[in-house]
Amino acid sequence: MKGKILIVDDQFGIRILLNEVLQKEGYETYQAANGIQALDIVAKHDPDLVLLDMKIPGMDGIEILKRMREGHHDIRVIIMTAYGELDMIQEAKDLGALTHFAKPFDIDDIRAAVKKYLPVPK
């Protein structure tokens with residue numbers, strides 16, 4: 001197994017697409033449609049990398065990121081957003097996000113970023 005990846009997005013189609021692509025690459029994947037599910041999965045499964053959408057109803061990506069960092073300071077996060085909100089992207093990077101992708105994204109770019117940022121299995 002190459003590593004554990006959590007996909008957090010309120011859009012079902014995006015979760016399914018990323019899930020299929022990353023599973024084919026050999027990763028163990030988890031999916032969350034909202035912040036509560038995401039935090040629960042982080043607590044139970046300690047993923048190596050999180051693909052986090054910024055625009056999620058209820059708890060937004062910044063809040064999810066802040067809460068994930070409370071218990072898992074070294075968690076690796078790549079953010080995704082359909083909006084060109086530079087303030088939100090900058091805030092996420094200030095909170096330790098590694099990089100960001102604007103939707104619609106190129107799946108090969110996501111694949112390459114996952115390979116680049118996922119820690120090498122022990």
Side-chain angles (χ1 to χ4, degrees):
M1 191 58 63
K2 287 183 172 182
K4 298 184 283 187
I5 300 174
L6 169 59
I7 302 157
V8 186
D9 199 307
D10 60 315
Q11 294 179 359
F12 179 74
I14 290 177
R15 286 198 316 271
I16 294 302
L17 170 68
L18 290 169
N19 192 59
E20 277 185 25
V21 168
L22 295 170
Q23 280 187 348
K24 281 182 186 165
E25 295 280 321
Y27 300 106
E28 184 178 340
T29 58
Y30 302 93
Q31 297 179 53
N34 58 51
I36 292 165
Q37 289 176 356
L39 295 171
D40 187 50
I41 291 168
V42 167
K44 288 180 180 165
H45 300 286
D46 193 25
D48 301 304
L49 181 70
V50 179
L51 296 174
L52 176 62
D53 185 30
M54 288 285 100
K55 282 290 189 181
I56 296 179
M59 194 187 307
D60 71 12
I62 295 293
E63 184 63 26
I64 296 168
L65 182 54
K66 285 178 182 173
R67 291 192 188 188
M68 279 194 287
R69 286 253 178 254
E70 286 171 8
H72 299 81
H73 303 290
D74 57 351
I75 197 162
R76 292 169 180 249
V77 178
I78 294 173
I79 60 170
M80 304 177 292
T81 181
Y83 306 87
E85 288 163 330
L86 298 176
D87 291 349
M88 186 178 270
I89 292 167
Q90 189 56 54
E91 186 174 355
K93 287 188 173 181
D94 291 346
L95 289 166
L98 300 166
T99 190
H100 76 280
F101 286 93
K103 293 178 184 175
F105 47 75
D106 182 321
I107 198 66
D108 291 328
D109 292 343
I110 295 275
R111 206 184 270 132
V114 166
K115 282 185 183 144
K116 177 179 177 180
Y117 290 111
L118 196 68
V120 177
K122 296 167 185 94

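Note that the numbering runs from 1 along the sequence shown for the chain.
- By the 4.5 Å heavy-atom criterion applied to side chains, Q31 and I16 are counted as neighbours.
- Rounding to the nearest 0.5 Å gives a distance of 8.5 Å between OH of Y30 and CD1 of I41.
- A salt bridge links D53 to K103: at least one charged side-chain nitrogen sits closer than 4.0 Å to a carboxylate oxygen.
- The existence of a salt bridge linking R111 and D106 is excluded, since no basic side-chain nitrogen approaches an acidic carboxylate oxygen closer than 4.0 Å.
- The two residues R69 and I75 make their nearest non-hydrogen contact at NH1-O, 3.0 Å.
- The shortest non-hydrogen separation linking A38 to A32 is N-CB, 3.5 Å.
- One distance of note links NZ of K55 with CD of Q11; it measures 12.5 Å at 0.5 Å rounding.
- One distance of note links OG1 of T29 with NZ of K24; it measures 12.5 Å at 0.5 Å rounding.
- Counting non-hydrogen atoms of neighbouring residues, nucleotides and ligands closer than 6.0 angstrom, the CD1 atom of I107 exceeds 12 such neighbours.
- Between V77 and Y117 there is no side-chain heavy-atom pair separated by less than 4.5 Å.
- Nearest approach of R15 to D9, heavy atoms of both residues: NH1-O, 2.7 Å.
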- Stepwise side chain to side chain contact (heavy atoms under 4.5 Å, CB included) check, F105 with T81: CA-CA 9 Å; F105 47 75; T81 181; over 6 Å; no
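- Of the possible donor and acceptor atoms, one in the side chain of D48 sits under 3.5 Å from a partner among the backbone N and O of K4.
- In this structure the side chain of I5 reaches within 4.5 angstrom of the side chain of V114, judged on heavy atoms.
- Remark: side-chain polar atoms of R76 are not paired, donor with acceptor, to backbone N or O of L118 under 3.5 angstrom.
- Between L98 and K116 there is no side-chain heavy-atom pair separated by less than 4.5 Å.
- Between I78 and F101, the closest side-chain pair of non-hydrogen atoms falls below 4.5 Å.
- Side-chain atoms of D46 and V42, non-hydrogen and from C-beta on, never get closer than 4.5 Å to each other.
- Counting heavy atoms from C-beta on, the side chains of H100 and M54 never come closer than 4.5 Å.
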- Query: Between I79 and M88, is a side chain to side chain contact (heavy atoms under 4.5 Å, CB included) present by the stated rule, with each step listed?
  - Reply: CA-CA 10 Å; I79 60 170; M88 186 178 270; over 6 Å; no
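- At least one side-chain heavy atom of V8 sits less than 4.5 Å from a side-chain heavy atom of L6.
- In this structure, K2 does not pair ionically with E28, as no charged nitrogen and carboxylate oxygen lie closer than 4.0 Å.
- Salt bridge absent: K66 and E70 never bring a charged side-chain N and a carboxylate O closer than 4.0 Å.
- In terms of heavy atoms, I62 sits closest to A92 at CD1-N, 3.6 Å.
- Here CZ of F12 is found 9.5 Å from CG of N19. Values are rounded to the nearest 0.5 Å.
- I7 CD1 to L22 CG: the interatomic distance, rounded to the nearest 0.5 Å, is 5.0 Å.
- We find the CD1-CG distance between I56 and L52 to be 5.5 Å, quoted to the nearest 0.5 Å.
- Between the Q37 side chain and the A33 main chain, a donor and an acceptor come within less than 3.5 Å of each other.
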